[in-house]
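The structure displayed is predicted, hence computed values, not measured ones.
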Amino acid sequence: MRSLVPDNSEIDDPAGWEDITREDLFYAFRKAKTDCFYEHTVLAADRFTAYEAELFSNLNRLCDRIKAGDVDALFAENLGEVAVVAKKLNKTPNRNNRKGLHDFFSDPTKFFERLTRDTTLHPEFRLVGDFPVEMHVLSALWINLVGHRFDARLGPHVYGSRLRRYRMVDNQDTRVAGRYHREALGIFEPYFTPYKTWRNRGLGTMRAELKAGRAIIAISLDLSNYYHRIDPNFIAAPHFQAALGVNLSPWATSFTRTFADSMSNWANRTTELLKTYGCELRDDVPGGLPIGLAAARLAANVLLHQLDQAFMAGLAPIYYGRYVDDMFLVLQDSWSFGSAQDLFHWIQARVPLLQSTKREEMEIRFEPEYSAHSKITLQKSKQRVFFLSGSVGLDLLSNIESEINEVSSERRLMPDPE
């Protein structure tokens with residue numbers, strides 16, 4: 001019997017599906033419920049309420065099916081649907097727009113009337129996964145028993161979507177992340193503190209370098225439609241697991257393969273649905289990973305491990321930090337770059353994983369060796385490059401902070417203060 005006591009030891013693999021316990025499912029349910037409550041793209045509160053009303057019998061039934069090895073059928077039955085949620089509203093000024101005039105309306109109806117009169121509106125939408133409770137439970141179960149090993153291989157420069165872990169205190173001033181905390185409420189660390197740390201460490205590095213009289217280059221990068229351009233099968237690929245340094249038992253390998261197949265089936269259904277409605281798909285991009293499922297969130301985070309290593313080894317940055325698909329680099333300006341284009345040519349020469357796309361020289365694609373079918377592209381509209389030196393560079397730091405916040409995906413998903 002596997003120990004349920006949080007003793008900072010690794011969680012043992014079950015010998016097989018028959019070794020899954022009700023305690024395993026209870027911890028998975030609790031984590032799934034907590035994360036879905038805080039995830040704004042998931043609308044599953046009523047489903048969790050109904051499921052919890054008969055929690056004991058529901059988890060018993062689920063446990064019996066898992067012990068019987070009926071896992072493939074469980075994933076197929078809980079594949080869920082595709083939901084469409086609003087992402088943002090783009091505005092293009094009309095020719096008759098009154099330039100130079102600024103008017104504000106507290107009445108939303110009048111404000112919208114003014115928008116439709118003076119601008120052309122282009123709404124953007126986001127595809128998310130709409131899953132039953134048991135898919136969220138299976139997702140959390142995979143993370144609890146298998147997926148935490150993938151997260152453990154990421155370096156300290158990865159801040160977003162990290163799993164909750166015990167803290168091992170080395171001394172009075174240093175805290176080092178410890179073993180995965182299966183009994184904690186929720187799977188992931190709360191977003192605000194890691195996000196603030198990711199941003200502030202980069203800005204602090206810039207400030208220190210400028211005060212020391214050294215010229216620097218600050219770069220903010222973001223990936224275009226990241227989740228929707230990932231082939232889910234990479235997580236089960238042996239060469240990916242080897243590159244990450246993850247060694248799985250036969251049972252854990254089988255569970256990971258089942259999860260990857262399920263996400264691939266969801267992606268294929270999504271792609272077919274988009275084609276049915278006449279949506280134009282560029283580059284045969286798959287439906288990708290479903291936003292809103294915890295296991296998909298972990299997979300999206302670890303996919304970029306190879307890019308992290310390439311940036312660190314090829315560019316030797318003063319600072320590198322990644323918050324899921326938002327990247328922040330600070331380099332010493334020891335070269336005479338005449339433009340951002342010259343800088344990106346230099347970066348590509350040192351990071352061969354990055355290649356210019358056929359459409360445009362400044363649009364750059366990351367091609368992971370272990371996920372050839374993923375189409376991951378740096379979003380040109382969100383590339384920000386700052387060449388800074390001297391006191392003027394210090395004065396610009398507050399403006400740079402605003403630019404980083406503007407392009408950051410995570411910041412836009414944060415709740416309003418009230």
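Distance CG/Asp130 to CD1/Ile291: 13.0 Å, rounded to 0.5 Å. Rounded to the nearest 0.5 angstrom, Lys196 NZ and Trp198 CH2 are separated by 14.5 Å. We find the CZ-CG distance between Phe366 and Leu307 to be 5.0 Å, quoted to the nearest 0.5 Å. Rounding to the nearest 0.5 angstrom, the gap separating the CG atom in Leu221 from the CG atom in Leu378 is 5.5 Å. With values rounded to the nearest 0.5 angstrom, Ile216 atom CD1 is found 4.5 Å from Met206 atom CE. Gln341 CD to His345 NE2: the interatomic distance, rounded to the nearest 0.5 Å, is 4.5 Å.
For the residue pair Tyr159/Arg201, the side-chain donor-acceptor check at 3.5 Å is satisfied. Side-chain contact, Arg149 with Asn247: no donor N or O sits under 3.5 Å from an acceptor N or O. Under 3.5 Å, the side chains of Asn94 and Thr120 contain a donor-acceptor pair of N or O atoms. Between the side chains of Arg126 and Asn225, no donor-acceptor pair of N or O atoms lies under 3.5 Å.
Using a 4.0 Å cut-off between charged side-chain N and carboxylate O, Glu189 and Arg165 make no salt bridge.
A side-chain donor-acceptor contact under 3.5 Å links Thr197 to the backbone of Thr193. In this structure a side-chain-to-backbone donor-acceptor pair under 3.5 Å is missing from Thr119 to Thr116. Side-chain N or O atoms of Asn301 include one that pairs as donor or acceptor with a backbone N or O of Gly160 at under 3.5 Å. Side chain of Gln355 to main chain of Pro352: a donor-acceptor pair is present (N/O by atom type, distance under 3.5 Å, no hydrogens or angles). When atom types are taken as modelled, the side chain of Asp70 and the backbone of Ile66 share no donor-acceptor pair closer than 3.5 angstrom. The main-chain N or O of Asn90 is never found under 3.5 Å from a side-chain atom of Glu124 such that the two would form a donor-acceptor pair.
A heavy-atom distance below 4.5 Å is found between the side chains of Phe344 and Val385. Residues Gln241 and Leu248 meet the side-chain proximity criterion, which asks for heavy atoms closer than 4.5 Å. When side chains are defined from C-beta on, Leu304 counts as touching Leu223, because their heavy atoms get closer than 4.5 Å. You'll find the side chain of Ile219 reaches within 4.5 Å of the side chain of Leu343, heavy atoms only. Two residues are said to be in side-chain contact when any heavy atoms from C-beta on lie closer than 4.5 Å; Phe150 and Ile235 meet this criterion. In this structure the side chain of Leu298 never reaches within 4.5 angstrom of the side chain of Ile187, judged on heavy atoms. Within the 4.5 Å cutoff, side-chain heavy atoms of Pro190 are placed close to those of Arg164. Put simply, the side chain of Leu115 reaches to within 4.5 Å of the side chain of Lys91, judged on heavy atoms.
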- salt bridge (charged side-chain N to carboxylate O under 4.0 Å, His left out) between Arg182 and Asp24: does it pass, once the steps are laid out? CA-CA 9 Å; Arg182 186 177 60 158; Asp24 291 327; 2.8 Å; yes
Kindly indicate, with the supporting measurements, whether the criterion ring pair (Phe, Tyr, Trp, His ring centres under 6.0 Å) is fulfilled by His181 and Tyr166. CA-CA 6 Å; His181 195 344; Tyr166 294 105; 4.1 Å; yes
* Tyr180 and Asp151: side chain to side chain donor-acceptor pair (under 3.5 Å), yes or no, with the steps? -> CA-CA 9 Å; Tyr180 176 58; Asp151 171 82; over 6 Å; no
Give the C-alpha distance, both sets of side-chain angles, the deciding distance and a yes or no for side chain to side chain donor-acceptor pair (under 3.5 Å) between Glu134 and Tyr51. CA-CA 9 Å; Glu134 289 192 347; Tyr51 195 88; 3.0 Å; yes
Requested in this report: I would like to know whether Tyr226 and Leu289 meet side chain to side chain contact (heavy atoms under 4.5 Å, CB included); could you show each step before the answer?
Outcome: CA-CA 9 Å; Tyr226 179 50; Leu289 288 169; over 6 Å; no
Evaluate the criterion side chain to side chain contact (heavy atoms under 4.5 Å, CB included) for residue pair Glu183 and Glu23; output intermediate values, then yes/no.
CA-CA 10 Å; Glu183 290 78 15; Glu23 289 88 349; over 6 Å; no
- Message: Between Leu89 and His122, does the side chain to side chain contact (heavy atoms under 4.5 Å, CB included) criterion hold? Intermediate values first, please.
- Response: CA-CA 6 Å; Leu89 187 64; His122 307 279; over 6 Å; no
key: Evaluation steps, salt bridge (charged side-chain N to carboxylate O under 4.0 Å, His left out), between Lys31 and Asp35   = CA-CA 6 Å; Lys31 282 184 174 291; Asp35 278 10; over 6 Å; no
**Worked check of salt bridge (charged side-chain N to carboxylate O under 4.0 Å, His left out) between Glu81 and Arg269** = CA-CA 9 Å; Glu81 302 294 339; Arg269 282 178 51 178; 3.4 Å; yes
Verdict with supporting geometry, Phe29 and Phe48, ring pair (Phe, Tyr, Trp, His ring centres under 6.0 Å): CA-CA 9 Å; Phe29 172 81; Phe48 274 91; 5.7 Å; yes
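Dense packing is recorded around CZ of Phe105, with more than 12 heavy atoms of other residues, nucleotides or ligands lying under 6.0 Å away. Within a 6.0 Å radius of CG in Asp46, more than 12 heavy atoms belonging to other residues, nucleotides or ligands are found.
Between Phe328 and Tyr319, the ring planes are perpendicular. Angles over 60° get that label, and only those under 30° would be called parallel. Ring geometry for Trp17 against Phe255 counts as perpendicular: the plane angle is over 60°, on a 0 to 90° scale with 30° as the lower cut.
For Asp72, the side chain to side chain donor-acceptor pair (under 3.5 Å) criterion is met by Thr258, not counting sequence neighbours. The side chain to side chain contact (heavy atoms under 4.5 Å, CB included) test applied to Leu315 returns Phe311, Pro317, Leu329, Leu331, Trp346, Ile347, Arg350, Val351, not counting sequence neighbours.
The two residues Arg153 and Gly245 come nearest to each other via the heavy atoms NE-O, 3.7 Å. Across Gly390 and Leu210, no two heavy atoms sit closer than the pair N-CD2, 4.2 Å. The heavy-atom pair separating Ala260 from Pro232 by the smallest distance is CB-O, 3.8 Å. The two residues Pro14 and Leu145 make their nearest non-hydrogen contact at CG-CD1, 4.2 Å. The two residues Trp142 and Ala295 have their closest heavy-atom pair at CE3-CB, 3.8 Å. Considering all non-hydrogen atoms of both residues, Ser264 and Asn233 come closest at OG-ND2, 3.4 Å.
For His157 and Tyr320, the gap between ring centers is short of 6.0 Å. Two rings, from Tyr195 and Tyr323, have their centers less than 6.0 Å apart.
A cation-pi arrangement is absent between Arg162 and Phe188 under the rule of less than 6.0 angstrom and at most 45 degrees off the ring axis.
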